[in-house]
Amino acid sequence: MMYLSHNFLMAQCDERASACLPKLKPFNSNGQYYRVQLVDNEIGKIKLVFNSNLVYRIASCNKSNDGKSLIIKIFDSNGKQVFSNESDTANFWDLQFGATAQYTIQANYPSGNGCAALLVGYMSKDKYSEIK
Amino acid sequence: MGLGIYLLLGCSGKTTNQLEEQTQSSEDTKETISAKDKAKIEKMIYSIPSPVQAAILLEKTGARFDNTYMNDVSKVSSYQTTPQIALNIGVYGADLAYTNVYKKHVEALKYFSTVQKLGDKIGIGYIFTPALIKRFENNQNNQDSLISITTDSFTEVHSHLKKNQQEDLIALMIVGGWIEALYISCQIWEANPSKALATLIAEQKFSLNDVLEVIKRSPKVPELEKLKKDLTELKAIFNKIQATYSYEKTELKKEKNLAIIENQTKLHFNNDIIKKISKLTEKIRNSII
């Protein structure tokens, strides 16, 4: 029963992420829906390599059951925070990196529970300069 | 560059160590895993750069297209077992991304059909509908559309396999694709060495860790166990590449929703290391195709 419930919640989460795809445009999706159910201040984490020759877009696709936006933080391989959207939980943030390296994206709701769904898109730096 | 399109598991919790411990124990008791535990282990995700991303970065180095490095489509009928098929969907997927990015549209269509043929053998061919193939044909001069169709198709493949709890096949596709992209880069570098391409190859040091995590957290099947051994050997060579890192304060441009994270990483390596990576990558790739 619990398993069905988990599957049901994840299916809902998938739908949220899928519906969120337009937020990435004109970036190419990296092909993944990052989604997870967060309960009681739990934290979701994604390990990701960001390349310095690309610009990335991170789009947040959902809110908690009490209407809070997802807090997204990015940490470098030494555990030092290099980004946080706490001061501006916009629907998306674009990210440029000075060097290729592995980072950890951390996502949590400040209160409440819910599906955390994130999408990551990318485009070349040249193309980004053209559109901005 | 890097490869495969997808994700991996993880855990909830307060510290990374705790999470890793939970995941390890859950691997050992996979059959009896509870729904609650299953929910917990999905909270850390390891992500591998997509084949398309890999090909875009390859093109940015100035590397020229060479179709002799791709896996021959005539070999498609020789893949009979499910693991072989999954691995080579990854391989052909990387080749497809390579042709798309370099705008080799005739070849791209050939590789798209090949992926569909292999997909049919393991029940995912339905994703590549005649309408989708037609769309692919009709958009031959629109690179963005081709990339989007390719990415969406592979996202659908992985979603189907995940729903059917076939994470081992997802992992095999990831490894197949990652190795193929690395192989192509290495072969081009061997024929025409450049600093930019060598750096791109060296940067795979970061992705390889995630590829190994994907394997580690996937169901234990003999093919993945063998690849884990091969890739661990490859990692030993990559470990000879030293990375020095310096932190710089991030610049936020709120009016553009843009963050410029100016950290610097310098990789220290020589051509001998790249040659060793190339040689072992070729050996692993040839054991797959």
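Side chains included, hydrogens not; waters and symmetry mates left out as well; all remaining heavy atoms used. Being a predicted model, the structure only gives us computed values, none of them experimental. To find a chain, count down the sequence lines: A is the first, B the second, and so on, and within it residues start at 1.
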- Supply the atom-to-atom distance B:T265 OG1 to A:F97 CZ, rounded to the nearest 0.5 angstrom. 11.0 Å
- Engaged part of B:L252 at the chain A interface, taking heavy atoms whose separation is under 4.5 Å: side chain
- B:I56, part contacting chain A, at a heavy-atom distance under 4.5 Å: side chain
- Message: For the NZ atom on A:K125, are there more than 12 heavy atoms of other groups (residues, nucleotides or ligands in this structure) within a distance under 6.0 Å?
- Response: yes
- What part of B:I147 is in contact with chain A, defined as an atom under 4.5 angstrom from a non-hydrogen atom: side chain, backbone, both or neither? side chain
- Item | Close approach to chain B in residues 52-74 of chain A, criterion heavy atom under 4.5 Å | A:N53, A:L54, A:Y56
- Message: Assess the residue pair B:D144 and A:K127 against the criterion (salt bridge (Lys or Arg N to Asp or Glu O under 4.0 Å)); give the C-alpha distance rounded to whole Å, side-chain angles, the decisive distance to 0.1 Å, and a yes or no.
- Response: CA-CA 12 Å; B:D144 284 343; A:K127 205 167 171 182; 3.1 Å; yes
- For A:D126, what residues pass the side-chain hydrogen bond (donor to acceptor under 3.5 Å, both in side chains) criterion, not counting sequence neighbours? B:K60
- Interface residue of largest heavy-atom contact number with chain A, from B:L267, B:V52, B:L258, under 4.5 Å: B:L258
- Most heavy-atom pairs under 4.5 Å with chain B, out of A:V120, A:I105, A:T100, belong to A:T100
- Task: With sequence neighbours excluded, tell me which residues meet side-chain hydrogen bond (donor to acceptor under 3.5 Å, both in side chains) with B:N239.
- Result: none
- Message: Checking A:Q102 against B:N209: is there a side-chain donor and acceptor pair closer than 3.5 Å?
- Response: no
- Message: Can you confirm whether B:T151 sits close enough to A:N28 that some side-chain heavy atom of one is under 4.5 Å from a side-chain heavy atom of the other?
- Response: no
- Student check: side-chain heavy atoms of A:N51 and B:F206 closer than 4.5 Å: no
- Query: With a 4.5 angstrom heavy-atom cut-off, which part of A:Y122 approaches chain B: side chain, backbone, both or neither?
  - Reply: side chain
- Item | chain B neighbours within residues 76-94 of chain A, where any heavy atom lies under 4.5 Å away | A:D76, A:N78, A:K80, A:Q81, A:V82, A:F83, A:S87, A:D88, A:A90, A:F92, A:W93, A:D94
- Applying side chain to side chain contact (heavy atoms under 4.5 Å, CB included) between A:Q96 and each of B:I260, B:I261, B:T250, report the one that passes. B:I260
- Query: To the nearest 0.5 Å, how far apart are NZ in A:K25 and OG in B:S148?
  - Reply: 4.5 Å
